[in-house]
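Before any comments, here is the structure.
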Amino acid sequence: MKHTEPAQRADWRHFEPLELTPILAAALEAFYEHGFHGTTVRDIARRVGQTVPSLYYHHENKEGVFATLLEMGTGDVAWRAEAAAAEAGERADLRFAYVVEAVVLYMTHRVRLAALDPELRHLSPPKRKRYAARRKEVENLMAGIVEDGVRQGVFTAELPAETARAVLGMCQSIGRWYQPSGPLAPEELAGRYVDIALMAVGVRKRPQPKGPQGRRARVRA
């Protein structure tokens with residue numbers, strides 16, 4: 001399933017503030033601080049200044065709130081990765097670099113949403129299967145790019161699927177430790193991870209697009 005990004009979010013490097021209802025905003029903070037099992041419906045209701053019954057009016061249960069946030073996160077990272085790959089064109093090395101950059105920017109700009117991903121195991125089997133499949137889309141996109149790079153002779157990865165999975169796993173782990181108040185800005189961390197990921201596929205120099213776009217990319221590097 002393809003994700004179509006809203007027109008106002010066509011730039012995959014740009015992150016607008018999340019549009020969350022008061023309940024979702026309170027739940028996101030609670031899940032980020034205490035995890036799924038450590039968060040209670042009563043805690044979410046208290047944070048938003050509502051009663052527990054009123055929260056159930058909007059969401060079926062705690063899992064329903066969590067699933068809504070998880071869907072928002074998986075949709076956000078998926079369209080950004082797809083838009084990044086499309087912007088790079090046919091060059092596998094540039095597509096690879098852009099997708100890694102998109103994932104890392106998501107993990108850092110949306111760190112609270114990104115931190116929910118390991119909690120996927122707490123969903124009921126039907127919901128877990130659904131969101132695991134959506135997450136798999138990014139992995140398949142990356143694996144296809146690595147395979148293209150091998151065919152184009154620019155990558156040396158012998159196991160494209162495993163390489164793609166390892167690179168994404170490295171990027172997804174950022175949500176466990178990244179702090180927005182830390183020393184590394186999202187763009188700086190993304191540049192470092194792009195370089196590390198490129199080495200995993202046998203590329204030592206970061207690819208640059210041609211023309212004015214290439215000059216902008218060198219400024220970010």
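Nothing here was measured: the structure is a model prediction, and the numbers come from that model.
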So, the side chain of [X] versus the backbone of [Y]: is there a donor-acceptor pair under 3.5 Å, distance only?
{"X": "S54", "Y": "Q50", "answer": "no"}
{"X": "E101", "Y": "G191", "answer": "no"}
{"X": "E137", "Y": "A78", "answer": "no"}
{"X": "E187", "Y": "L105", "answer": "no"}
{"X": "K62", "Y": "T39", "answer": "yes"}
{"X": "Y178", "Y": "L184", "answer": "yes"}

Check: [Y] and [X] side chains under 4.5 Å, non-hydrogen atoms:
{"X": "V194", "Y": "F96", "answer": "no"}
{"X": "L18", "Y": "L113", "answer": "yes"}
{"X": "L24", "Y": "H59", "answer": "yes"}
{"X": "M142", "Y": "V100", "answer": "yes"}
{"X": "L120", "Y": "R135", "answer": "yes"}
{"X": "V65", "Y": "F31", "answer": "yes"}
{"X": "L69", "Y": "L20", "answer": "yes"}
{"X": "V99", "Y": "L141", "answer": "yes"}

Nearest atoms (heavy-atom pairs only) where [X] meets [Y]:
{"X": "A92", "Y": "I145", "result": "O-CG2, 3.5 Å"}
{"X": "V203", "Y": "V154", "result": "CG2-O, 3.4 Å"}
{"X": "V104", "Y": "C171", "result": "CG2-SG, 3.8 Å"}
{"X": "A97", "Y": "P207", "result": "CB-CG, 4.1 Å"}
{"X": "A102", "Y": "A84", "result": "CB-CB, 3.9 Å"}

query: How are the rings of F36 and F66 set to each other: parallel, tilted or perpendicular (split at 30° and 60°)?
result: perpendicular
query: Which class fits the ring pair H109 and F15: parallel under 30°, tilted 30 to 60°, perpendicular over 60°?
result: parallel
State the [atom1]-[atom2] distance between [X] and [Y], to the nearest 0.5 angstrom.
{"X": "L55", "Y": "N61", "atom1": "CG", "atom2": "CG", "result": "10.0 Å"}
{"X": "T68", "Y": "E60", "atom1": "OG1", "atom2": "CD", "result": "10.5 Å"}
{"X": "M72", "Y": "L116", "atom1": "CE", "atom2": "CG", "result": "10.5 Å"}
{"X": "E119", "Y": "Y32", "atom1": "CD", "atom2": "OH", "result": "12.5 Å"}
{"X": "D117", "Y": "Q172", "atom1": "CG", "atom2": "CD", "result": "5.5 Å"}

task: Kindly indicate, with the supporting measurements, whether the criterion salt bridge (Lys or Arg N to Asp or Glu O under 4.0 Å) is fulfilled by E87 and R95.
output: CA-CA 8 Å; E87 181 180 316; R95 290 167 64 206; over 6 Å; no
field: W12 ring center within less than 6.0 Å of Y106 ring center
entry: no
message: With a 4.0 Å cut-off on N to O distance, would you call R91 and D93 a salt bridge?
response: yes
- prompt: Got a salt bridge between R192 and E188, using NZ or NE/NH1/NH2 to carboxylate O under 4.0 Å?
  reply: yes
query: Any chance the side chains of E29 and H34 put a donor and an acceptor closer than 3.5 Å?
result: no
message: If you count every heavy atom of other residues, nucleotides or ligands that lies below 6.0 Å from R42 atom CZ, does the total exceed 12?
response: no
